[in-house]
Undergrad: 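Here you go, one structure.
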Amino acid sequence: MAHPITPLSPPLKDELDIVIPTIRNLDFLEQWRPFFQPYHLIIVQDGDPNKTIKVPEGFDYELYNRNDVNKLLGPKASCISFKDSACRCFGFLVSKKKYIFTIDDDCFVAKDPTGQEINALAQHIKNLLTPSTPLFFNTLYDPFREGADFVRGYPFSFREGVPTAISHGLWLNIPDYDAPTQLVKPLERNNSANRYVDAVMTIPKGSLFPMCGMNLGFDRELIGPAMYFGLMGDGQPIGRYDDMWAGWCCKVICDHLNLGVKTGLPYLWHSKASNPFVNLKKEYKGIYWQEEIIPFFQNLTIPKECTTVQKCYIELSKLVKEKLGPIDPYFQTLGDAMVTWIEAWDELNPPKKAEGAASLSAPASAKAEPTPKAK
């Protein structure tokens, strides 16, 4: 008698949260339903907490608004940005899973050049579960990908690789450009016919990169405390540099702790071009400041005694205040917020040996229900 075939469980179903920052109803989830429905969602509502955000039926989720952030963190809520997608890092803070995938609500399922829909989440999981090779570049890109390997001349002592902390995905349709580039190339689009690159590569040790937060996976246990998107948006002199800041901080800490960062596949479809004039108002100080921020990250040294992400990040906060503080008082405020973030992280995420101890819990308004509805 033949036995029925049991469907395979989605990879990392009980080990991964999907974090979504939003100010609107999440109708975009309908297109992602085949890929996202098995997973738990953490939705961070930005803006007016009295506005009702509607989530399609059948998803398992928690919905947090600003009132929940204030209630859960108290005075430490000051480190969470308001009216900026940087609020997503609150979802990283309250998650209890090993892995995080975060996506923006204007991003949809892309298709590869053959017309096949791309399961972006599955590709991020593949990237995170295979080693990275930051110490020596492999000219066939990711040697752990099926059908690939290390090329001739690649040192055998480096072939084991290092754990992958971050998987950085890309986008088709609307490019992730800054405001000046948007203004001079308003009609430019990435399409699968001529811009799709079927490759994943490790970013070499010592190299920084511009991290985009709208298609991003990471190992929360390896790098989570550094995945802080900074103070941006309402009340701050800068916006749209939240993911860049997190990327720079994470990369120098990954380099210090011998962790890897991959970029390339998967692609998703970025559907909405933001207003370049609005973006310029948010970005202009960042465009000016980054000419000093980048050399700061390129030249800093984290002491050898910093053996955890938290210790690295606290050291980094001191250097931010010391070296970048003279540029603008904002960096003094940012340095203080980085410390507050780590304090909040440690409060909500005690060491595993203390997991049985009492800790902060999600507010009633944020609890998931079997058939959840936004409160």
Side-chain angles (χ1 to χ4, degrees), residues 8-18 39 92 95 97-103 118-170 197-213 215-227 243 246-268 297 302 304 306-313 352:
L8 293 175
S9 177
L12 304 182
K13 175 182 178 295
D14 299 320
E15 299 179 73
L16 182 144
D17 280 333
I18 299 173
Y39 296 88
F92 310 158
S95 171
K97 304 292 179 61
K98 177 173 171 56
Y99 299 98
I100 294 287
F101 170 60
T102 185
I103 184 174
I118 299 168
N119 183 347
L121 180 53
Q123 180 64 53
H124 278 296
I125 290 171
K126 286 181 181 178
N127 293 348
L128 290 168
L129 293 183
T130 53
S132 293
T133 53
L135 303 179
F136 202 90
F137 189 78
N138 191 57
T139 50
L140 283 181
Y141 306 118
D142 188 354
F144 297 98
R145 189 176 178 186
E146 185 177 353
D149 211 324
F150 293 96
V151 297
R152 180 173 55 89
Y154 199 100
F156 285 88
S157 57
F158 289 159
R159 294 191 182 195
E160 184 178 348
V162 303
T164 300
I166 298 172
S167 171
H168 178 254
L170 301 175
V197 180
D198 187 15
V200 177
M201 66 185 75
T202 296
I203 300 174
K205 184 175 183 176
S207 294
L208 297 173
F209 75 111
M211 189 174 83
C212 175
N215 180 17
L216 184 70
F218 63 93
D219 186 321
R220 188 174 172 276
E221 291 182 0
L222 288 180
I223 199 63
M227 197 60 76
D243 42 9
W248 297 329
C249 292
C250 284
K251 185 57 168 63
V252 295
I253 292 175
C254 282
D255 287 351
H256 176 74
L257 296 178
N258 208 28
L259 300 171
V261 180
K262 292 184 179 181
T263 188
L265 300 179
Y267 286 90
L268 47 66
F297 280 105
I302 299 174
K304 290 182 178 179
C306 293
T307 55
T308 67
V309 176
Q310 284 94 327
K311 288 179 180 178
C312 291
Y313 205 71
K352 284 195 171 183

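Positions are given from 1 along the sequence.
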Undergrad: Can you name the closest pair of heavy atoms from P143 and T133 and give their distance?
TA: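 Shortest heavy-atom contact: CG-CG2, 4.1 Å.
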
Undergrad: Work out which heavy atom in I223 is nearest to a heavy atom in C250; give both atom names and the distance.
TA: CG1-SG, 3.9 Å

Undergrad: Please examine the side chains of L128 and L12, heavy atoms only from C-beta on, and report whether any two atoms are closer than 4.5 Å.
TA: no

Undergrad: Decide ring-ring contact (aromatic ring centres under 6.0 Å, His included) for F101 and Y39; before the verdict, give the C-alpha distance in whole Å, the side-chain angles of both, and the deciding distance to 0.1 Å.
TA: CA-CA 10 Å; F101 170 60; Y39 296 88; 9.2 Å; no

Undergrad: Quick one: CD1 on I100 to CD on E15, what's the gap to the nearest 0.5 Å?
TA: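 If we round to the nearest 0.5 Å, I100:CD1 and E15:CD are 12.5 Å apart.
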
Undergrad: Should we count NZ of K97 as having more than 12 external heavy atoms under 6.0 Å?
TA: yes

Undergrad: Go through the steps to decide whether T102 and F92 satisfy the test side-chain contact (heavy atoms from CB on, under 4.5 Å), and finish with yes or no.
TA: CA-CA 9 Å; T102 185; F92 310 158; 4.0 Å; yes

Undergrad: Between Y154 and F137, is a ring-ring contact (aromatic ring centres under 6.0 Å, His included) present by the stated rule, with each step listed?
TA: CA-CA 8 Å; Y154 199 100; F137 189 78; 9.1 Å; no

Undergrad: Which is it for I166 and L216 under the side-chain contact (heavy atoms from CB on, under 4.5 Å) test, yes or no, and what are the steps along the way?
TA: CA-CA 8 Å; I166 298 172; L216 184 70; 3.8 Å; yes

Undergrad: Under the salt bridge (Lys or Arg N to Asp or Glu O under 4.0 Å) definition, can you give me all pairs with a residue in residues 197-212, not counting sequence neighbours?
TA: R145-D198

Undergrad: Flag the pair S167 / V200 as yes when at least one side-chain heavy-atom distance between them is below 4.5 Å, and no otherwise.
TA: no

Undergrad: How long is the gap from CZ on R159 to CG on D149, to the nearest 0.5 Å?
TA: 6.5 Å

Undergrad: Determine whether a donor-acceptor pair (N or O, by modelled atom type, separation under 3.5 Å) exists between the side chain of N215 and the backbone of L170.
TA: yes

Undergrad: With heavy-atom distances below 4.5 Å as the criterion, would you say the side chains of M227 and M211 are in contact?
TA: yes

Undergrad: To the nearest 0.5 angstrom, please state how far the CG atom of L222 sits from the CD1 atom of I253.
TA: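 Here the interatomic distance stands at 12.5 Å.
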
Undergrad: Looking only at heavy atoms, which two atoms of F144 and P131 are closest? And how far apart?
TA: CD1-O, 3.4 Å

Undergrad: List the atom of C249, the atom of Y313, and the distance in Å for their closest heavy-atom pair.
TA: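 In terms of heavy atoms, the two residues are closest at CB-CE1, 3.9 Å.
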
Undergrad: Using the side-chain hydrogen bond (donor to acceptor under 3.5 Å, both in side chains) rule, collect all pairs that involve residues 255-268, keeping only residues at least two apart or in two chains.
TA: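 Listed by first then second residue: T130-K262, D142-K262, H168-T263, K251-D255.
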
Undergrad: Take N138 and V151, measure what side-chain contact (heavy atoms from CB on, under 4.5 Å) needs, and give me the verdict at the end.
TA: CA-CA 7 Å; N138 191 57; V151 297; 3.5 Å; yes

Undergrad: Measuring from atom CG of L259 to atom OG1 of T164, what distance do you get when rounded to the nearest 0.5 angstrom?
TA: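 The distance works out to 9.0 Å.
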
Undergrad: Quick check for you: to the nearest 0.5 Å, what is the distance between L208 atom CG and W248 atom CH2?
TA: 8.5 Å

Undergrad: Can you name the nearest heavy-atom pair linking L257 to C306, along with the distance?
TA: CD2-O, 4.0 Å

Undergrad: Which heavy atom in V261 sits nearest to a heavy atom in S132, and how many Å separate them?
TA: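 Here V261 and S132 meet closest at N-OG, 3.9 Å.
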
Undergrad: Please examine the side chains of Y99 and L129, heavy atoms only from C-beta on, and report whether any two atoms are closer than 4.5 Å.
TA: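 The answer is yes, as the side chains (C-beta and beyond) meet within the 4.5 Å cut-off.
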
Undergrad: Does a donor on one side chain sit under 3.5 Å from an acceptor on the other, for N119 and Q123?
TA: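 No, no side-chain donor-acceptor pair sits under 3.5 Å.
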
Undergrad: Would you please name every residue forming a side-chain hydrogen bond (donor to acceptor under 3.5 Å, both in side chains) with D219, sequence neighbours left out?
TA: K98

